[in-house]
Amino acid sequence: TTTIVILSQYDVKLAAICLISVPSDYFFSQWYSKFLKQYALEAQEITANNNNISLEMVQAAKTVHVFGAEDQQMGHYWDQVDELVKLRTRNNWILAGSSILSTA
């Protein structure tokens, strides 16, 4: 009978852990998947903008040169690159935080 009492004590603790951890894991994974989708869309949009700027610069190189707008175009391009770096840095911090949580 002592074995049954010991097992029932562990079963209650295990059930409590499951009731707490399973829903929290589910909600965290749902939130994180939404975050990754948003991150992917933002990164794709910034990369597409950079590609458009590069394409415009190549196609209109003579026009840009005639009007002396090289610095303006390069500034616009590097602003977009900075946006992408900020986005990836923010994502890396969140990824680092999630790995700390998963190893704890």
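- Residues meeting the side-chain contact (heavy atoms from CB on, under 4.5 Å) test with S29, sequence neighbours left out: none.
- In this view, E42 and R90 satisfy the salt bridge (charged side-chain N to carboxylate O under 4.0 Å, His left out) rule, not counting sequence neighbours.
- Hydrophobic cluster of F27: the remaining members, joined at side-chain heavy-atom separations below 4.5 Å, are Y26, listed by chain and number.
- Under a cut-off of 6.0 angstrom, the local environment of CD in Q30 is crowded, with over 12 non-hydrogen atoms contributed by other residues, nucleotides or ligands.
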Cut-off 3.5 Å, no hydrogens considered: what does the side-chain donor-acceptor table look like for residues 18-25, sequence neighbours left out?
residue: S21; atom: OG; partner: I17; partner atom: O; Å: 2.8
residue: S24; atom: OG; partner: I20; partner atom: O; Å: 3.0
residue: S24; atom: OG; partner: S21; partner atom: O; Å: 2.9

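- Taken to the nearest 0.5 Å, the CD1 atom of I46 stands 12.0 Å off from the CG atom of N51.
- A continuous path of ILVMFWY side-chain contacts below 4.5 Å connects W31 to L36, so both sit in one hydrophobic cluster.
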Donor-acceptor pairs are to be reported for all side-chain atoms of residues 74-89 against protein atoms at under 3.5 Å, with residues two or more places apart or in another chain.
residue: T89; atom: OG1; partner: V85; partner atom: O; Å: 2.7

